[in-house]
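So that the names make sense, note that chain A is the first sequence line, chain B the second, and so on, each numbered from 1.
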Amino acid sequence: MLDIIARFANGRGFWPAIPAVAFLTVLMVIPLVLLLSFGFSDIVVSRGVIVSQDFTLDHLTKILGDRLYLLTFQRSINLSLSVTALCLIFGFPVAYLYLRSGTFARRAILIAVIAPLLTSGIVRTYAWIVILGGQRGIVNRALLDLGLIEAPLRILNTHWAVLIGMTQVHLPLMILPLIAVMTRHDKALDEASANLGASRLQTLRHVILPMSVPGIGTGATLVFTLSYTTFVVPQLLGGGNYLNAATMAFEQMVYSLEWSKGAVTSTLLLVTCIFFIGLFTWASQTTTRWIRQEGVA
Amino acid sequence: MSGAKKIALTDRIGVAAIYAIGLLSLALLVAPSLIVVAISFDTRSYVSFPPVGFTFDWYAKLFATPELIQAMWVSLKVGLIVTGMCLALGVPTAIACVRGRFKGRQALSVFVLFPHMVPGIVLGIAILFAGATINARPSIGLQSLAVACFILAVMIRIVMARLMRLDVALEEASANLGATRFQTFRHVVLPLLMPAIWAGAAFTFIEGFDNISVAIFTHGHRDRPLPVELMSLVQNDNTPMVAAVSAAQIALSVVILGVVSSTLGLEKLND
């Protein structure tokens, strides 16, 4: 086995990559092309096998002309942008705390940030059902005990529950890239700024923030794409009636078995998602270039 | 003088506010998991916090629920198959991407890392369609292939990052000393790559075990993996048993964190 790997591995040629390229062609390229074609077809499915497939533009035109789809995708984009902004607001201070901490505290922060990433998203979402849920939920009990509210608030199964839960679940994805860029830069730069008489806030504003831009870009891309495409959090915290693009595709595929509609929805999801990745990357690169030119950092 | 004092005061308040938000975020990251673990030992048959008693009953119930045990086995199998496939496909590809000297090396990197941009839900649906076209119904096999395709980029990226930092001179020295290509790979490159390979294996295993976005469309109808089972459990079960399942998963992730931090180091993981 090792011998085979070694023969594959030690060449300078293309061929060690051949198996992976073939694998990805069969399991990614061809399925994505099929996905596109399914959006243009009328499909009859029986027991998970396609019985017939006829060319039609009906689904595509119907969906593109349907206001429900427009609203659903708008809701998804709004939600994901809000989650991204909240993750930045709550995540940046954690990375700053990390930059200012000693070895032991740094380790503790890394464990607190990485451990949730290794835990199932369903488990982390479940925790929020317990915290936000009905009358016995922790938040409602605390607010009632403090006398701040008279009757329990309805948080679970609303937009707010999805927003809160998604922000917490995706927070590590913003913090890790920020920590990576902040620590990569020379600490000397930071110290020089302090020696020149800059206060810590001025150093933050003129040194640390500008140099974090690429990290913000990476983190925002990760948080946005996951928030935009996950159905777990909205399904569990939004109840059955919270509809965004991902839950719509999920329901079309799993519950109502409308495969043609599901194909169009997920194609739109993929295209818009890649558009936003491009937009975020462009924004981050342009800002970085602008900062260099202006000499802010 | 008063101007300098004013700056010092706003500086202190500003930095204190940032620290406060940072600490709040850290608490919010950790607290929910701790609450779930606490609830899993509660004696009441409904979920509430803080717990009023201590019992292992929910864990006993968990191990007496055949669907959950079955789901755990399915997820374990998928996790191992996915890890094996990603090792076999990913390590050689990473080497070609970094050490290769051929036209289109850049294009190869872009191609093999592209799946990372495809959302799991889209890939899952696309592979379900492809399977239906060639009469391959959802099963453990289809699920494993789909999840491996989804996560392969992560394995490639971790190994590539490590390889880029290895000094090519080491390999050249080995060759100059008369080592064959196999000997160089076996005794020089592979040992240096091991930390990255371990970390990649840990991540791909977790994804194989835990993935739901791809798995929910491609899993076999009789072989429901743990995340799919857990998802319906969370929606339909109100007892602390769900907390016990969750706590068990949290324990597993802590073990894996220990493995990763002792092989690759937590700091390096994030570079």
Side-chain angles (χ1 to χ4, degrees), chain A residues 2-3 6 8-10 12-14 16-17 19-20 23-24 27-28 30-32 34-35 38 48-50 90 93-94 96-97 110 112 114-116 118-120 122-124 126-127 130-131 136 138 168 171 176 179-180 199-201 229 231-232 236 246 249 253 262 266 269-270 273-274 277, chain B residues 7 11 14-15 18-19 21-22 25-26 28-30 32 35-36 39 47-49 89 92-93 95-96 99-102 108 112 115 117 119 121-122 125-127 129-130 132-133 135 137-138 145 149 181-182 185-186 206 210 212 217 227 230-231 234 242 246 249-250 253 256-257 266 270-271:
Chain A
L2 269 179
D3 187 56
F8 264 103
N10 230 341
R12 300 258 146 144
F14 170 73
F23 180 80
L24 289 177
L27 278 143
M28 188 186 68
I30 296 175
L32 287 181
L34 273 174
L35 178 74
F38 274 36
V49 175
I50 293 158
F90 284 99
V94 177
Y96 183 68
L97 210 56
L110 270 190
I114 296 176
L118 303 176
T119 314
S120 153
I122 302 166
V123 168
R124 287 184 289 151
Y126 169 71
V130 177
I131 296 170
R136 298 196 198 107
I138 295 171
Q168 193 263 355
L171 192 53
L176 288 178
I179 287 181
S199 72
R200 284 180 293 178
L201 274 188
T229 59
F231 52 84
V232 175
L236 295 182
M253 292 303 304
S266 38
L269 208 54
L270 178 66
C273 192
I274 289 176
I277 293 175
Chain B
I7 287 175
D11 190 44
V15 172
I18 293 168
Y19 279 2
I21 299 175
S25 305
L26 285 172
L28 281 175
L29 276 177
V30 180
I35 290 171
V36 167
I39 285 171
V47 166
S48 186
F49 189 85
L89 295 169
T93 306
I95 293 173
R99 291 281 187 266
R101 295 285 170 271
F102 52 89
L108 175 68
V112 294
M117 295 219 296
I121 180 173
V122 175
I125 292 174
I127 290 179
F129 286 161
T133 311
N135 213 343
R137 291 207 175 92
L145 286 168
C149 176
R181 285 183 157 189
F182 172 70
F185 178 76
R186 173 73 187 80
I206 293 173
D210 258 353
I212 180 142
F217 302 105
L230 194 60
M231 180 112 177
V234 168
V242 186
S246 302
Q249 290 224 336
I250 292 169
S253 72
I256 290 173
L257 186 69
L266 284 177
N270 191 32
D271 275 353

Inset, instruction - For the residue pair A:Phe14 and B:Phe102, categorise the inter-ring angle as parallel (less than 30°), tilted (30 to 60°) or perpendicular (more than 60°). - result: perpendicular
Applying a strict 4.5 Å limit to non-hydrogen atoms, the region of B:Val15 in contact with chain A is both
Ranked by heavy-atom pairs below 4.5 Å to chain A, first place among B:Val36, B:Ile125, B:Ile206 goes to B:Ile125
If one checks every heavy atom of B:Leu108 against chain A at 4.5 Å, the contacting part turns out to be side chain
One should read off an interatomic distance between B:Ile39 CD1 and A:Ile138 CD1, to the nearest 0.5 angstrom, of 5.5 Å
Find out whether B:Asp210 and A:Ile122 are in side-chain contact, i.e. whether some heavy atom of one side chain is under 4.5 Å from a heavy atom of the other. no
_Close side-chain approach of B:Leu29 to A:Phe90, heavy-atom, < 4.5 Å_ = no
Most contact-rich option vs chain A, by heavy-atom pairs under 4.5 angstrom, among B:Ile35, B:Val112, B:Ile127, B:Val30, is B:Ile127
Closest non-hydrogen atoms of B:Val122 and A:Ser266, given as atom of the first, atom of the second and distance, are CG2-O, 3.5 Å
Any B:Leu89 side-chain heavy atom under 4.5 Å of A:Leu24 side chain
no
Counting heavy-atom pairs under 4.5 Å with chain A, the top scorer among B:Ala126, B:Pro227, B:Ala130 is B:Ala126
- Under 4.5 Å between any side-chain heavy atoms of B:Cys149 and A:Phe23, yes or no? yes
When every non-hydrogen atom of B:Pro119 is compared with those of A:Leu270, the smallest separation belongs to CD-CD1, 3.6 Å
Bottom line for A:Leu32: the part with an atom under 4.5 Å from chain B's heavy atoms is both
Looking only at heavy atoms, the pair that brings B:Ile121 and A:Thr229 closest together is CG2-O, 3.5 Å
All heavy atoms of A:Ile114 vs all of B:Leu257, minimum pair found to be CG2-CD1, 3.6 Å
One option among A:Pro31, A:Ala115, A:Ala127 has the most heavy-atom pairs under 4.5 Å with chain B, and it is A:Pro31
Is any side-chain heavy atom of B:Leu28 closer than 4.5 Å to a side-chain heavy atom of A:Leu171?
no
Whatever's closer than 4.5 Å to a heavy atom in chain A on B:Ile18 counts as both
Distance col, row B:Ile21:CD1 vs A:Tyr96:OH, nearest 0.5 angstrom, shows 12.5 Å
Just by distance, do the side chain of A:Thr119 and the backbone of B:Ser253 share a donor-acceptor pair under 3.5 Å?
no
Are any of the side-chain heavy atoms of A:Pro16 and B:Ile95 separated by less than 4.5 Å? no
Between B:Val242 and A:Tyr126, the two heavy atoms sitting closest are CG1-CE1, 3.6 Å
